[in-house]
S.K.: 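One structure, as structure tokens, below. Some questions next.
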Amino acid sequence: MTRDWTDLELLGRVSAPDPAVLEAAREQLWAEVAREMLSPAGPGEVPRSRRAVRRDPGRPRQAEADP
Amino acid sequence: MDTDGTLIERSCRGRPDAFAEVVSRHEIAVHAFLARRAGAQAAADLLGEVWVRAFGGRGGYDPAYPDARPWLYGIARNVLRSHWRASRGASHVTAESALAEAATDPWEAVTGRLDSAARLRVLAAAVRALPAAERDVLLLVAWEQLTPAQAAAVLGIPPGTARSRLHRARAVLRLADPVEEDA
């Protein structure tokens with residue numbers, strides 16, 4: 001490992017997040033999970049209308065399109 | 001243990017709650033990705049948006065890819081772009097490409113967190129001076145511990161292009177470090 005690499009890692013050092021931060025973010029996810037489970041499309045099915053507007057990539061090889 | 005791909009596929013087939021396990025595996029890493037580029041406060045504000053976008057887009061994820069981290073970083077990257085775009089005021093910008101370039105520059109935040117070591121300042125300046133495309137690959141590998149191929153997946157470029165950019169960036173950094181150059 002060269003020194004430039006080690007120093008780069010130093011530049012990128014960040015503190016661990018407060019658990020409350022992670023929990024708050026998870027709650028946003030759970031709200032979406034609940035919404036999907038209660039949607040007319042039925043649990044586990046992504047409504048077509050939402051698929052149409054979401055532009056996140058499905059395949060890891062592709063970067064997400066700009067919003 | 002189930003792969004991320006298996007969990008995401010399951011979440012699309014009647015078990016949306018399975019996606020929570022994917023989040024649990026990667027939440028520290030994705031938070032760090034955001035915090036390195038935008039600071040801790042913005043990371044806290046944006047992490048939930050990453051999960052919401054990822055959950056909404058999971059239907060297109062190829063479950064053959066076991067590790068969802070590159071995919072999640074790609075989403076986080078675009079959440080950051082949206083954030084910067086909104087915070088800087090899109091109405092003042094006429095060239096979309098120039099805005100995107102400026103918006104993905106993390107060095108304003110990074111400089112503020114540097115310690116006083118002159119060596120790190122020189123390195124930060126050298127990295128900051130890199131073309132954004134090379135810097136993106138470099139930081140995905142150095143900071144997020146991705147392979148060049150995974151960095152390519154995040155950026156939507158061929159793996160060979162990512163390797164070339166990484167090679168060029170590292171060559172520039174070595175030139176910027178007198179000790180490294182002499183070694």
Side-chain angles (χ1 to χ4, degrees), chain A, chain B residues 11-17 19-20 23 27-28 31-32 35-36 40 43-44 47-62 65 68 70-71 74-75 77-78 81-82 100 110 114 119-120 123-124 127 138-139 142-143 150 152-157 170 173-174 177 179-180:
Chain A
M1 188 69 69
T2 57
R3 199 179 75 181
D4 65 321
W5 210 252
T6 305
D7 285 347
L8 263 180
E9 290 173 346
L10 281 176
L11 290 177
R13 201 169 42 187
V14 293
S15 301
D18 188 313
V21 166
L22 302 180
E23 183 61 33
R26 275 188 235 125
E27 294 215 358
Q28 290 185 53
L29 170 68
W30 281 113
E32 289 296 305
V33 171
R35 185 183 308 176
E36 182 174 305
M37 293 181 82
L38 296 172
S39 78
E45 295 180 26
V46 180
R48 288 187 182 280
S49 60
R50 283 187 51 209
R51 282 191 176 190
V53 298
R54 298 287 185 187
R55 302 183 66 188
D56 294 334
R59 295 175 186 276
R61 281 186 179 167
Q62 297 177 328
E64 182 192 31
D66 286 341
Chain B
S11 79
C12 293
R13 296 179 183 274
R15 290 289 309 277
D17 55 311
F19 197 79
V23 166
E27 59 189 353
I28 299 288
H31 177 275
R36 287 181 185 111
L47 186 60
E49 174 65 16
V50 175
W51 302 144
V52 169
R53 286 200 198 189
F55 184 73
R58 76 194 192 283
Y61 186 87
D62 184 344
Y65 291 90
W71 176 65
I75 293 170
R77 187 167 175 264
N78 284 336
R81 280 181 171 172
S82 299
V110 170
L114 286 180
R119 192 179 74 244
L120 291 183
L123 178 64
V127 174
L138 178 76
L139 296 185
W143 284 0
Q150 288 174 317
V154 173
L155 301 170
I157 59 176
R170 295 199 67 178
L173 293 191
R174 277 192 290 272
D177 184 341
V179 173
E180 192 74 25

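Note: hydrogens, waters and symmetry copies are ignored here, and every other heavy atom, side chains too, is used. Per chain, numbering begins at 1; letters A, B, ... match sequence-line order.
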S.K.: Go through the atoms of B/Ala40 and report whether side chain, backbone, both or neither lie under 4.5 Å from a heavy atom of chain A.
M.R.: neither
S.K.: Which one of A/Leu29, A/Val21, A/Asp18 has the most heavy-atom pairs closer than 4.5 Å to chain B?
M.R.: A/Leu29
S.K.: Please name the pair of heavy atoms, one in A/Glu9 and one in B/Ala142, separated by the smallest distance, quoted to 0.1 Å.
M.R.: CG-O, 3.5 Å
S.K.: Atom CD in A/Glu23, atom CD in B/Glu27: separation rounded to 0.5 Å?
M.R.: 8.5 Å
S.K.: Taking all atoms of both residues into account, what is the closest heavy-atom pair of B/Gly48 and A/Ala25, and its distance?
M.R.: N-CB, 3.6 Å
S.K.: Would you mind reporting whether A/Glu36 and B/Phe55 have side-chain heavy atoms less than 4.5 Å apart?
M.R.: yes
S.K.: Quick check: closest heavy atoms across B/Val52 and A/Gln28, and the distance to 0.1 Å?
M.R.: CG2-O, 3.9 Å
S.K.: Do you know the tightest heavy-atom contact between A/Trp30 and B/Ala20?
M.R.: CZ2-CB, 3.4 Å
S.K.: Are any non-hydrogen side-chain atoms of B/Leu139 and A/Leu8 less than 4.5 angstrom apart?
M.R.: yes
